[in-house]
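Report on the structure given below.
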Amino acid sequence: MKSLSSHEGLHCANCGTPLAGEYCHECGQSMHSVLKPMHHMTEEAVETLLHIDSRILRTLPALFLKPGFLTLEYFAGRRMRYIAPFRLMFVLCLLNFFVLHLITSRAIDQNVDRHQQTVLLDRGADFAQAADAEDVRDLFDSKINALNAVQTFGSDTMAAQAASGKQQLREAANRRLAELHAQPLPAASGTVAAVARSDDRTPIKPVQIGWLPAFANAELTATLQHMQDNWHDYKHGDPASREAARERMLTGFFGKLPGAMLVLVPVFALLLKLFYVFRRRIYMEHLIVALHSHAFLFLWLLLLMLLGTLIGWVVPHAAWVGYPLRWLRIALVWWAPIYLLVMQKQIYRQGWAMTLLKYWCVGWCYVWLLGLVLLGAAVLGLAH
């Protein structure tokens, strides 16, 4: 317990006001010096961390399990024991999109690995369906190009498997050509064909909008050029170019999403203000409702992604756990609309009929706004 101390005769070093406590009542500056030994700074850092942890333990369960509770506590002036709404929403937003980016990237990498394994396991069984020698040669060329890509960009083991697979495909193609009484394929050169990158794109025509300054037109032109380059590399480039374009677009998309959601929050608060204009609440109150609503949605989506990842990890090793986990995921999915409805009822104190009507209208408008935000983030990600 801190001992009582007298501040009589002490003055604020910043404004000179006589001190009555540890902080100046005029300017708010602390009487304590910031020039402290390192161990004092470490003690303060630990104390601050524990204080934040205690607020997290009080905030997150209430946010997820008690619809409208945090908002009503904030309106009632009981704020110090909980994390501030904007900080809570922003941290959960960043954490949510970080995890989403990791899961998305991992899923795409797994799809690429599966595609490579499919290419390596191809033994040319579909040559038997070729109607003529030209179809056999076209099919053989496409399979060889796929194996060349794996041999060039895959691991050493995959490169060895690709070399063996090309020989087996050549034998299968020659067997079908013999059945069609056609000439066999020419002998292999023994070298790996380079995976060519088609670069037939045309430069973007410079944007010339009269009422925009020159730098804005130049920025728009560069953005459109980046969009064309990324899309061209992703659709027509070699595997390395496609991977680089995919990573650029994903990074741009998830990099723009937090900022886009920050734009959506005040717009959602404006929607609440319009639908509850006769409740005589100021816009800031609706903004607090919007911040807590989005904080809940980010926490809900985070838990949903983590639960889905847990199911993917556990079920292959313990199938009996999958049944309760899937039911838990279904309950979690339904919890979001129920939570938001009860939260709206708790805060605005209207009857169920009017609450349901406004809930549907606000939700319909919000879905369209969210779609526009996601589309804008996707376009900006394409231009990254």
Side-chain angles (χ1 to χ4, degrees), residues 1-2 4-5 7 12 14-15 17 19-32 44-96 261-300 302 335-336 338-352 354-355 358-359 362 366:
M1 186 175 65
K2 294 183 178 180
L4 297 177
S5 58
H7 300 89
C12 176
N14 183 54
C15 63
T17 303
L19 292 175
E22 295 183 353
Y23 295 89
C24 176
H25 62 274
E26 287 290 336
C27 66
Q29 178 171 288
S30 172
M31 65 171 291
H32 301 291
E44 290 186 0
V46 171
E47 182 181 357
T48 302
L49 180 62
L50 294 177
H51 178 61
I52 293 175
D53 284 347
S54 65
R55 287 195 296 167
I56 288 176
L57 295 177
R58 285 193 293 265
T59 302
L60 292 184
L63 173 68
F64 190 75
L65 299 174
K66 298 180 179 180
F69 174 80
L70 282 182
T71 307
L72 294 175
E73 287 283 281
Y74 201 86
F75 290 166
R78 295 183 286 270
R79 300 187 294 269
M80 288 303 297
R81 66 185 70 175
Y82 308 110
I83 300 175
F86 178 79
R87 182 183 301 175
L88 176 65
M89 190 277 298
F90 187 70
V91 171
L92 288 174
C93 175
L94 293 179
L95 182 61
N96 186 82
M261 296 306 298
L262 290 181
V263 174
L264 187 57
V265 169
V267 177
F268 180 66
L270 182 60
L271 273 178
L272 294 175
K273 176 69 175 177
L274 293 175
F275 278 96
Y276 288 96
V277 66
F278 297 112
R279 302 304 294 178
R280 300 184 182 279
R281 290 184 179 274
I282 62 175
Y283 176 77
M284 184 57 66
E285 293 178 283
H286 299 292
L287 184 60
I288 300 301
V289 176
L291 288 170
H292 279 145
S293 299
H294 283 80
F296 163 76
L297 287 174
F298 289 133
L299 179 59
W300 169 78
L302 180 62
W335 177 233
I338 294 173
Y339 178 101
L340 295 174
L341 175 62
V342 175
M343 179 180 181
Q344 192 169 325
K345 177 71 170 63
Q346 291 283 357
I347 293 172
Y348 293 105
R349 305 286 184 178
Q350 286 191 325
W352 277 109
M354 187 60 68
T355 299
K358 292 185 177 181
Y359 177 76
V362 171
Y366 182 82

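Here the structure is a predicted model, which is why all the values come from computation and not from measurement.
For the pair Thr17 and Cys15, the tightest heavy-atom approach, listed with the atom from each and the gap, is OG1-SG, 3.1 Å. Considering all non-hydrogen atoms of both residues, Ile56 and Pro61 come closest at O-CD, 3.8 Å. Smallest separation of non-hydrogen atoms from Leu70 and Leu88: CD1-CD2, 4.4 Å. For Leu271 against Tyr366, the heavy-atom pair with the smallest separation is CD1-N, 4.4 Å. Considering all non-hydrogen atoms of both residues, Glu73 and Tyr82 come closest at OE1-OH, 3.1 Å. The minimum heavy-atom distance between Ala336 and Trp300, with the atom names listed, is CB-CE2, 3.4 Å.
Atoms OG1 and OH, from Thr71 and Tyr348 in turn, are 8.5 Å apart once rounded to the nearest 0.5 Å. We find the CH2-NZ distance between Trp352 and Lys345 to be 6.0 Å, quoted to the nearest 0.5 Å. One finds the CZ atom of Phe296 at 12.5 Å from the CG atom of Leu60 (value rounded to the nearest 0.5 Å). Remark: Leu291 CG to Phe90 CZ distance equals 12.0 Å, nearest 0.5 Å. Taking OG1 from Thr59 and CZ from Phe69, the interatomic distance works out to 10.0 Å, rounded to the nearest 0.5 Å. Here the CZ atom belonging to Phe278 is positioned 11.0 Å from the CD atom belonging to Gln350, to the nearest 0.5 angstrom.
Not less than 6.0 angstrom separates the ring centroid of Phe268 from the ring centroid of His286.
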Walk me through it: do Met80 and Arg55 pass the test side chain to side chain contact (heavy atoms under 4.5 Å, CB included)? CA-CA 8 Å; Met80 288 303 297; Arg55 287 195 296 167; 5.7 Å; no
How far apart are the C-alpha atoms of Leu94 and Phe298, what are their side-chain angles, what is the distance that settles it, and do they pass the side chain to side chain contact (heavy atoms under 4.5 Å, CB included) test? CA-CA 9 Å; Leu94 293 179; Phe298 289 133; over 6 Å; no
Yes or no on side chain to side chain contact (heavy atoms under 4.5 Å, CB included) for Leu63 and Leu92, after CA distance, side-chain angles and deciding distance? CA-CA 12 Å; Leu63 173 68; Leu92 288 174; 3.9 Å; yes
Please assess Met343 against Ser293 for the test side chain to side chain contact (heavy atoms under 4.5 Å, CB included), listing each intermediate value before the final yes or no. CA-CA 8 Å; Met343 179 180 181; Ser293 299; 3.5 Å; yes
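Using modelled atom types, one side-chain atom of Lys273 and one backbone atom of Arg281 make a donor-acceptor pair closer than 3.5 Å. Checked by atom type and distance alone, the side chain of Glu285 pairs as donor or acceptor with a backbone atom of Ile282 at under 3.5 Å. In this structure a side-chain-to-backbone donor-acceptor pair under 3.5 Å is present from Trp335 to Phe64. Listed for the Arg81 side chain is no donor-acceptor partner under 3.5 Å among the backbone atoms of Arg78.
Side chain to side chain, Tyr276 and Gln344 meet the donor-acceptor criterion of an N or O pair below 3.5 Å.
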